[in-house]
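Here is the naming used below: chain letters follow the sequence lines, and residue numbers restart at 1 for every chain.
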There are 2 protein chains.
Amino acid sequence: MSVAVIKYDRHMGRWEADARGRLEQAALALYGERGFEQTTVAEIAKRAGLTERTFFRYFTDKREVLFWGAGRLQESLVSAVVAAPDSAAPIDAVIAALEAAGAVFQEGREHSVQRQAVIDVNAELRERELIKLARLATALAGALHRRGVREPTASLAAEAGITVFRIAFERWIKDTSGRELPQHIRESFDELKTVTAGR
Amino acid sequence: MSVAVIKYDRHMGRWEADARGRLEQAALALYGERGFEQTTVAEIAKRAGLTERTFFRYFTDKREVLFWGAGRLQESLVSAVVAAPDSAAPIDAVIAALEAAGAVFQEGREHSVQRQAVIDVNAELRERELIKLARLATALAGALHRRGVREPTASLAAEAGITVFRIAFERWIKDTSGRELPQHIRESFDELKTVTAGR
DNA sequence: ACGGCTGATGTCAGTAACTGTCATTAATGT
DNA sequence: ACATTAATGACAGTTACTGACATCAGCCGT
């Protein structure tokens, strides 16, 4: 175990550690308690023991607290698509990557449920969610390009994959039967195949 | 469909007519000249001969100027889907409606090109565009329900249709060959069928 | 041990998006 | 004629966000 890596575990200098994490926690709590619009950045900062200015050093805006994790998701999806076996068709590489990522979500389901409840009741937050998904689609298309897939196949496969993910995620959040996210993804994908099947 | 007839027959003497139209024109011009962020609402209002407060009476926010027309598009698409022949499969009803709407866009291509140039360089505007498209998808799914289509077929067909439209629209904006929007829609749809075709 | 540098935070002033509220006034209706 | 209404103005207030500069504990080279 490398102690060096965690050498700031107790005092990260003269301030409390993990300012970003404290801000995130404070924001999630307040958004949940009073709603997004009824929460001011000043309140978040105060609860985290910091100032408003510091909040904006960690998050580009008030919404971003809920979405900065999407960056890591994107990286893992891209890696998975790039690493898929050569034999996999574009859409299958995408769906496989989504299923793998879905397994990670599965572990923090309760957190996802709460977060989604905040997002669902606010138009601004839904906007931000959509653009994150769009970026994901673009990144996935880029990953497909690295596999030699050309346009418009790459974009369509990526977009279709994101569509499947979105619908599957929504169903998973509402699901009371205990079915897991990867399974919802598989089922939604099968549905899409049926719907688009040429006659 | 067709032109909006916005008249203020009854109060035409006191103020210049068509305040909304003047605000829209002023905003489009300024967004084009200096960019969206570099334009203040006060400037827009001034060019339109009105006040900032009046701007916010017509448009809920600074972005909405570019998107309020989406409401009419949505209505016409829903009508078209509902009116499609009973024999049409869900996805075909959606695509047919999009092709018809696409023909309307075709007439004002230059306007679409300019508007899109403003939107493309600004993240906030892209966010708003995405949520309008998402609303469109929801409305289309609703229209399919009225045709007796069930979930998840309706949502998937609607989402797939919007995906096709988005990609087709993008290609049409960039197109220099003169191919028309409905044709791009048809081609993108055929691509999607190919991409999602099970092996 | 000294002093300078760095990096995370604080302080403060400013801009501009948006909202609430009340005032104004031409046109309308009775 | 007079009350009413609809579109707009006037104005103050909140808050998200930005830029500039100050502070100060720990690190590093000497």
Within 45° cone and under 6.0 Å: B:Arg20 NZ/CZ vs B:Trp68 ring | yes
Any side-chain donor-acceptor pair under 3.5 Å between B:Glu151 and B:His145?
-> yes
Quick one: salt bridge (charged side-chain N to carboxylate O under 4.0 Å, His left out) partners of B:Asp61, sequence neighbours excluded?
-> B:Arg128
Under 3.5 Å side-chain donor-acceptor pair for B:Gln38 and B:Glu33 | no
Would one find a side-chain N or O of B:Tyr58 under 4.0 angstrom from OP1 or OP2 of D:dT8?
-> yes
Specify the separation, in whole Å, of atom NZ of A:Lys46 and atom P of C:dG10.
-> 14 Å
Grab the CZ-P distance between A:Arg20 and C:dG7 for me, whole Å please.
-> 17 Å
Quiz item: cation-pi between A:Arg179 and A:Trp172, 6.0 Å / 45° | no
Carboxylate-amine/guanidinium contact A:Glu99 A:Arg186, below 4.0 Å | yes
In the 5'-to-3' direction, what one-character label does each nucleotide of nucleotides 9-19 of chain D receive under the scheme B = base within less than 4.0 Å of a protein heavy atom, S = sugar-phosphate only, - = no such atom?
-> BBB---SSBBB
Among side-chain atoms of B:Gln183 and B:Gln106, is any donor-acceptor pair under 3.5 angstrom?
-> no
Residues in residues 22-31 of chain B with a heavy atom under 4.0 Å of DNA chain D, by number, are none
Geometric cation-pi criterion B:Arg115 and B:Phe67, 6.0 Å radius, 45° cone = yes
Atom CD1 of B:Ile44 and atom C1' of C:dC18 are separated, to the nearest Å, by 13 Å
